[in-house]
Amino acid sequence: MAKPDVLTAQAADFPQWYQDVLAKAELAESGPVRGTMVIRPYGYSIWERVQAELDSRIKAAGARNAYFPLLIPESYFRREAEHVEGFSPELAVVTHGGGKELEEPVVVRPTSETIIGSFLAKWIQSYRDLPMAVNQWANVVRWELRPRLFLRTTEFLWQEGHTAHATREDAHGYALRILHDVYRDFMVNVLAVPVLVGRKTERERFAGATTTWSCEAMMRDGKALQMGTSHELGQGFSKVFGIDFLDEGGRQQHAWLTSWGASTRLMGALIMAHGDDNGLRVPPRLAPVQVVVLVVKAEDGAGEAADALVASLKGAGYRAELDARTDLSFGRRAVNWELKGVPLRIEVGPRDLASGSVVVCRRDLNTKAAMPLVQVVAGVGRALEEIQAGLLAEATRRRDEGTVAVTSVEEALEATRSGFAMLPGTAVAGLDRQGQDGETRLNAAGASIRVLQRPDGSLPETDEDLDRLSAVVARAY
RNA sequence: CGGGGAGUAGCGCAGUUGGUAGCGCACCUGCUUUGGGAGCAGGAGGCCGCGGGUUCAAGUCCCGCCUCCCCGACCA
C-alpha cells in the first residue's frame, strides 16, 4: 500500500508544512484571543525537557530561581528611556480591577528588568552581596501584530535571568558565560542545532541594553531564528532603580546588570531545524520519548515480549513507551510516532519474534533493520547516540552549504533568498548614493544583520569597530 | 498596521440564476481485521464567523465588524 502524504511537503509550502506539523504532531494550537497559544500535552512534554536542560545549566552558572509578579506598575516602565521606548508599542495595560478603574494602570510584564531591578535594589547593599543572580520561569505578554505559534505569540513562556555585578568586566564575563555555557551548550549538545554566536547591532539590541549577544540558527528554509539572547545592561537600570552598593573602599557605586532569556521559540527551532516531510525529528537527548516499542500484532507472545522490552529499556535509563493499542492499525500507529519525531521505534511482531529478533526503525534516516532481541538494549544506546550526532551533523552541513561569503549589500540580499550571507563590516558601514548605510538597505529589502562576528567566527569585543567585523545577514523569523 | 487570500460538522472542502445544507476524513455502534494512515454495514453531528440590512424567502445580495493564513514594517 502506498503511503499517502500526511503533511504538506516542505518544498511545496514551508509555512503550511509548519502548521501541519503543529497540528498532526499534537504540539500546539491557537487560543481564542489573537496571539495566544495552547501548548498540548506532547508539545509541553518537550518544553519540559527544554526547561529541565536549561534549568540545570542556569543553576550550574550560579543563578537561583525565584518568582516576581505578573503585574507591574506602569510607572516602572517610564523610568528607563530606551526601555520605555522599546516596549511601549507591545504593552498590555490593565486599567480596571475589582470593578473599578485603577488609579495607576498596571502592565502585564513583557519582561521583568524593572520589577526585578526594584527588588535587587532592596537586596543589594554591599559589594559582599555581589554578584547576585536570579532566574525566573514565567509567561510574558508582548502584543504582537503578526503572531505565529511558538515563533512569535503575544503570550509566551520563557526563562529570564537577571544579575547584578560590581564591575562592568564581571557583568560582561557573566553575560558571555550564559551565552556559551547555558544557551550554546544546550542548543548544540541537546537540541542538536548549530548556532552562530555574536553581537547584535545597535539597531537590533535589547531596549535598555548596552550590548546584546545572541545565538542564531538557520532553519531548513534558509531563514534565521534568534534562539537566545544575553544582554549587558550597563548601569542604566541601576541608576533609575537605585541598585547601589558600597564598594571595598566605602564608596557608593551603581551595580552593573545583565539579563538573558530563551523562550518557547526554541520549540519552533526544534521543528524547523530538524523536521522533515514525515514530521518532527526530536534529538534523543531532548526527546520525552526516546524509544517507542510497537506491538505489531498481539499474538504468539509479542505483547509480552514488548512489555518486557520496555521494562528493560526503562531499567537501562531510557525514556521508553509501549504502544500496544489494538484499536488502531499498525500503519496508523507507525505514522503517528513518526509525526511526533520519536527517535527510535522498535516493532515487535510474531514473525520476527519467531527468529528472536525485532525491527528497529530510525526516525532520522527513516531506515529499518532487524536486530536480535538480546542485543536491543545495547543497540538502542548506540543508535540514540548516532541519531543525536547525525541530526547535528545534518543541520551543520545544511547551514554551511547555505552560507556564502559576499562583498556587497546587493550580493548579500541575493544570498538571503536561500540562506545566510557573510558580509564584511566595511560593506555594511558604507553609504549608498542616498546616504543610506548597509543595514538600512538590508532592512528595507526584508533582510537583517543577525549578528556581528570577527571574520574567524569568534566574538568581538563589546566596542570592537564594525570595519574589522563580519555581519551574518539573513531573512529572519 | 499596509498588501493579498479565507471563514459552511472536530479537520479539509463543495454549495449553480436567492427557495431552509452536502462530500471526504475523523467520531459512535456492530462484525471482520492489524508487518505502513484497514474493510463492510448502520448512525450521530450545523447560530453557514458576528451584527445589521434588502427580500415572501439569504450560506448565496448589500453595509459594518471580528478572526485565521501568506507577504512586508516591529519583536524572543
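Values in this document were obtained by computation on a predicted structure and should not be read as measured data. Order of the sequence lines sets the chain letters (A, B, ...), proteins ahead of strands, with each chain counted from 1.
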Taking only N and O in the side chain of A:Gln19, is any of them less than 4.0 Å away from OP1 or OP2 of B:C68?
-> no

Using a cut-off of less than 4.0 Å, is there contact between a side-chain N or O of A:Arg203 and OP1 or OP2 of B:C74?
-> no

Are the side chains of A:Phe206 and A:Thr111 in touch, meaning some heavy atoms are under 4.5 Å apart?
-> yes

Donor-acceptor contact below 3.5 Å, side chain A:His274 vs main chain A:Leu270 | no

What distance do A:Gln51 atom CD and A:Leu157 atom CG have between them, rounded to the nearest 0.5 Å?
-> 7.5 Å

When A:Arg363, A:Arg345, A:Arg333, A:Arg332 are each screened for salt bridge (Lys or Arg N to Asp or Glu O under 4.0 Å) with A:Glu338, the one that passes is A:Arg345

So, is A:Arg475 near the phosphate of B:G72, with a side-chain N or O under 4.0 Å from OP1 or OP2?
-> yes

Which value, in whole Å, describes the distance between the C1' atoms of nucleotides B:C48 and B:U20?
-> 11 Å

Which of residues 346-370 of chain A have a heavy atom under 4.0 Å from RNA chain B?
-> A:Glu347, A:Gly349, A:Pro350, A:Arg351, A:Asp352, A:Val359, A:Lys368

C1' spacing across the pair B:C23 / B:G15, given as an integer number of angstrom | 10 Å

Mind checking the C1' distance from B:A57 to B:G19? Whole angstroms is fine.
-> 7 Å

Among A:Tyr477, A:Tyr18, A:Trp17, the one residue meeting side-chain hydrogen bond (donor to acceptor under 3.5 Å, both in side chains) with A:Asp221 | A:Tyr477

Phosphate OP1/OP2 of B:A26 contacted by A:Arg332 side-chain N/O (<4.0 Å) = yes

What is the pairing partner of B:U17, taking Watson-Crick or G-U wobble pairs with both distances under 3.5 Å in any strand?
-> none

To the nearest angstrom, how far is A:Glu299 atom CD from B:G35 atom P?
-> 11 Å

Distance, P atom - from B:C47 to B:G10, rounded to whole angstrom = 8 Å

Does B:G42 have a Watson-Crick or wobble partner in any strand here, with both distances under 3.5 angstrom, and which is it?
-> B:C28

